[in-house]
Structures are given as C-alpha cells and as structure tokens.
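Scope of the values below: all heavy atoms of this structure, side chains included, with no hydrogens, waters or symmetry mates. Note that the coordinates shown come from a computational prediction; the quantities given were computed from them, not determined experimentally.
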Amino acid sequence: MNEQTAETAIRKYIVNEIMFKKDESVLGFEESLLERGVLDSMAMVELIAFLEREFSVKVARTDMVPENFDSIQAIAQFIRSR
Amino acid sequence: MDFSLSDEQLSLREGALAFARKELADDLIARDRDGVFPRDLWKRCAGFGVQGLPFPAAYGGQGSDVLTTVLVMEALGCGCKDNGLLFALGAQMWSVQMPINLFGNEEQKKKYLPPLCSGQLIGAHGMSEPGSGSDAFSLSTTAKRDGSSYVLNGAKTFVSNAPVADVFIIFANTDRSKGFMGISAFILDKNTPGLQVGKNIGKLGLRTSPWSEVVMDDCRIPETQRLGKEGNGAAIFEDSMAWERSFILANYVGGMERQLETCINYTKGRKQFGKPISKFQSVANRIVDMKVRLETSRYLLYKVAWMMDRQTPSTLDAAILKLYLSESWVKSCLDATQIHGGYGYTTEYEVERDLRDSVGSTLYSGTSEMQRNLIARHLHL
C-alpha cells in the first residue's frame with residue numbers, strides 16, 4: 001500500500017466506522033484526533049484491530065501514545081515505521 | 001487446547017495447597033472482625049514464592065508461566081480461607097508488579113520488583129477517584145511537568161492495599177487536551193512529600209485487605225518515576241486491567257472447591273426427618289449446581305491462562321471469565337449459606353464470611369456491567 005492510500009484507508013475507516021459519517025472530507029490528515037475527541041479508549045480498541053488486520057502490523061501497548069495516534073498522518077507514519 | 005498438567009505443575013499445586021492449609025490458617029474470625037491485615041502471612045506467601053510467580057528470575061521472581069501461576073492461586077484459594085489476603089496478593093501481582101515488569105525501564109524493574117517479590121515491599125494501584133470509577137479515564141488528578149520533575153495533585157479512592165503499601169502506581173493527567181492519551185502513570189514511594197494515605201475504609205467483605213484514599217498534595221517526583229512514556233498511562237491501565245480481570249479471581253475457583261467439600265460433608269453429616277439432608281433433592285441440586293459452576297469456571301480460567309501463555313490475549317474471553325466466575329462465586333456462596341441453614345448465618349461456621357467477601361468480586365477489576373459492555377461490543381451490539 002503506498003503512502004497516500006495508507007492515509008486514505010485510515011481516514012475512511014475512522015470517518016465511517018468511528019465517526020459514523022460518510023463524507024471523508026470532514027477529517028483532515030493532520031487534524032488532532034485526540035483534541036477533537038474523535039478517538040476515545042473504546043474507539044482505540046477498534047482502530048487497532050483495523051490497523052493490525054489491514055496493514056499486518058502488531059501494535060503494542062507501549063506504542064499507544066499521542067505521537068503515534070494523534071492524527072491520521074501520525075498513524076500512517078507509525079504504520080510505515082513498523 | 002491441552003490442559004493436561006505436567007508433574008511439576010501438579011506437584012506445585014499440591015505443595016501450595018499444603019502450604020496454605022498449614023501456614024495460612026490463623027484466627028481469621030477475629031482478624032476479619034477487626035479488619036487486620038496479616039503482614040506475617042504476606043511474608044510467608046513471599047517465602048513460598050507466591051508474589052514472584054509469573055515474574056522473571058532476574059527480578060526476584062519464579063519465572064512461572066501464567067497457567068502455573070493460576071494453579072497456585074487456585075490452590076491457595078482452596079487451602080486458605082482468608083479471601084482478603086488472597087485478593088491483596090492478586091491486586092499487587094497483576095496491577096502493580098505486572099505493569100512495572102511490562103512497562104518499567106531496567107532501573108525501575110531492578111528497584112521495585114525484587115522487594116515486591118520478596119514481600120519486603122507492598123504495592124498499591126491508584127486509578128479510581130471520587131468522581132471516576134467505571135469511566136476510569138475521566139480522572140481529575142493532574143501531573144504537571146516542572147523541569148525534570150512532575151508535581152501531582154488529586155485524590156484516589158478505593159486504593160486496595162494503600163494503608164499498608166510502600167509503593168504506589170498512580171495515574172494522572174499530563175495533558176488533558178489529549179483525552180485518554182493525556183494520562184500517564186507514575187511510581188510513588190510512600191514517603192514522598194505530599195503523599196497522604198487515608199485510614200482504612202470499612203467494607204462489607206474482604207476486611208483483612210485494607211483500602212483507603214490516597215491524596216497527592218503538590219507531590220513532587222522526579223521524571224524518572226514516570227512509568228512508560230508520557231501519554232501511555234491509559235494503555236498501561238488497560239493492560240494491567242486485562243491481567244487483573246483475567247486472574248485476580250483465580251483463588252475463587254479454589255474457594256468454590258473448598259466450599260463444595262464443606263457443603264458435601266455437612267449435608268452428609270446433618271440428619272433431618274431421619275436421613276442425611278444430602279438425600280433431599282432440593283439440597284442435592286444446590287450442590288450439583290455448585291459443582292457445575294466450579295468446573296465451568298475452572299475451564300474458563302485455564303483457557304484464558306492458556307491463551308495468555310501463547311501471547312494471544314482475548315478481551316472477550318477475559319470478560320466472559322470475569323463475569324462468569326464472579327457471579328458463580330456469589331451464587332455458590334449463597335447456596336452454601338442456604339445449605340447450612342441457620343448455622344450458615346453464624347460467624348462461627350465461617351460460611352457467611354465467604355458470602356460477604358464474594359460480593360466485591362462483581363465490582364472490582366471492572367463491574368459485571370462493564371464486562372457485559374465489553375462482551376456486547378465484541379458481538380457488535
């Protein structure tokens with residue numbers, strides 16, 4: 001999966017499955033998911049399951065920090081670093 | 001799945017049962033009445049190796065796998081009637097030692113794990129606050145960075161072991177704007193200036209396990225006392241809850257076995273209307289239900305331990321185990337009381353204490369309601 005599609009796939013999942021919206025433009029790649037309240041602890045469990053399934057990565061508990069999950073861009077970079 | 005136990009595991013389980021029957025029996029009726037924590041028994045448990053069971057030998061532990069650990073906890077529950085002591089042990093092992101083992105740096109592991117394993121130190125875990133329980137991440141306690149220090153302010157409540165603890169894991173907000181990822185975990189020593197431990201809070205059961213409030217008033221600690229990265233607190237808490245949810249009730253499987261044996265012996269010995277009351281179907285049915293709950297709880301426990309040993313933890317299975325085992329324990333305690341009739345209601349027969357102790361199991365480490373929520377989420381409800 002190329003860099004742009006990682007961001008796109010993550011945004012599509014978050015907008016559709018966590019925010020329950022259809023228009024993906026409601027969420028920017030650099031927007032803070034935590035400050036906007038998009039990502040809470042319940043949603044995090046689902047997001048991690050998605051990332052592990054979609055990108056074949058293992059997300060450890062020690063990875064669950066803002067620098068890796070505060071935005072779609074941060075998540076995509078974290079995935080690429082694995 | 002293969003739950004056949006090795007000779008070593010069987011031997012250790014037998015040894016733990018014998019140890020508990022011999023070394024952990026004292027005047028529990030009086031200690032329960034007075035709410036006395038048994039520090040001497042705590043040290044005996046450490047001498048047997050209980051607190052160090054699942055932890056690496058390099059840090060003073062036994063290096064046992066998870067299934068072996070729960071077999072020992074189960075045996076202790078069968079041989080020892082002090083549910084409060086066993087609860088206190090579990091609280092330290094799963095929610096203090098385990099997060100230090102998994103998230104601590106080398107220095108923290110070397111400093112804290114050996115004395116926690118040896119019984120020299122007692123640990124407590126502070127998350128719940130007066131305003132946040134099941135909604136754990138809405139906590140108010142703050143930790144403000146000040147140079148190379150953090151200054152903690154806030155109050156924790158229902159902190160198990162706190163009145164006797166030497167070391168505390170405390171969760172606090174380091175950046176409220178980041179929501180649940182603005183929470184960090186810290187290790188505090190009891191003599192840290194500004195740390196105040198309240199008096200034991202009286203409760204229905206588990207009275208030999210003290211708990212209290214813990215207040216941080218401008219409590220300054222060096223940043224080296226942070227556990228894990230800044231913002232990693234929620235994950236650390238979730239991880240320790242996964243361990244606690246899975247295994248803090250392991251002793252109750254043994255407790256149900258002990259209770260079953262007691263009830264069988266009692267009903268065979270007590271005669272009414274010219275025959276042992278075990279011959280009355282309404283009494284026998286209760287005992288059958290106790291046996292079914294015991295065996296089903298045991299296999300759920302072993303399954304979750306087996307999964308943990310293979311590093312395939314399952315939130316769903318752990319939630320099912322916690323929900324089922326806690327509610328089975330309460331039901332079996334009620335059955336045991338009913339089977340003993342008026343005697344079961346007396347302190348002397350030591351049946352009512354199990355019942356009082358059991359109620360908390362549906363509350364701590366995530367209420368039954370929260371376990372049902374977790375299960376419902378897995379069912380996409």
First locate atom CG of B:D175, then atom CD of A:E35, and finally report the distance between them rounded to the nearest 0.5 Å. 7.0 Å
Between the OG atom in B:S177 and the CZ atom in A:R36, the distance rounded to the nearest 0.5 Å is 15.5 Å
Minimal non-hydrogen separation, A:L34 against B:F180, with atom names: CD2-CE2, 4.0 Å
A:D70 side chain reached by B:K178 side chain, heavy atoms, under 4.5 Å: yes
What's the shortest heavy-atom distance between B:A242 and A:R61, and which atoms? CB-NH2, 4.0 Å
How long is the gap from CG on A:L33 to CE on B:M181, to the nearest 0.5 Å? 9.5 Å
Is there a side-chain contact between A:V45 and B:T315, using heavy atoms and a 4.5 Å cut-off? no
When you look at CD of B:E106, are more than 12 heavy atoms from neighbouring residues, nucleotides or ligands closer to it than 6.0 Å? yes
Might you confirm whether atom OH of B:Y302 has over 12 heavy atoms from other residues, nucleotides or ligands at distances under 6.0 Å? yes
Main-chain N/O of A:D63 paired with B:N232 side-chain donor or acceptor, under 3.5 Å: no
Counting only heavy atoms closer than 4.5 Å, note whether B:E238 contacts chain A via side chain, backbone, both or neither. both
With chain B, the option among A:S32, A:P66, A:G37, A:A60 that has the most non-hydrogen atom pairs under 4.5 Å is A:P66
CD on B:E230 to CD on A:E67, rounded to 0.5 Å: 10.0 Å
If I take atom OG from residue A:S41 and atom CG from residue B:D135, how far apart are they, to the nearest 0.5 angstrom? 8.0 Å
Mind checking whether A:E46 and B:R377 have side chains closer than 4.5 Å, heavy atoms only? yes
Stepwise side-chain contact (heavy atoms from CB on, under 4.5 Å) check, B:F137 with A:D40: CA-CA 9 Å; B:F137 299 137; A:D40 61 19; over 6 Å; no
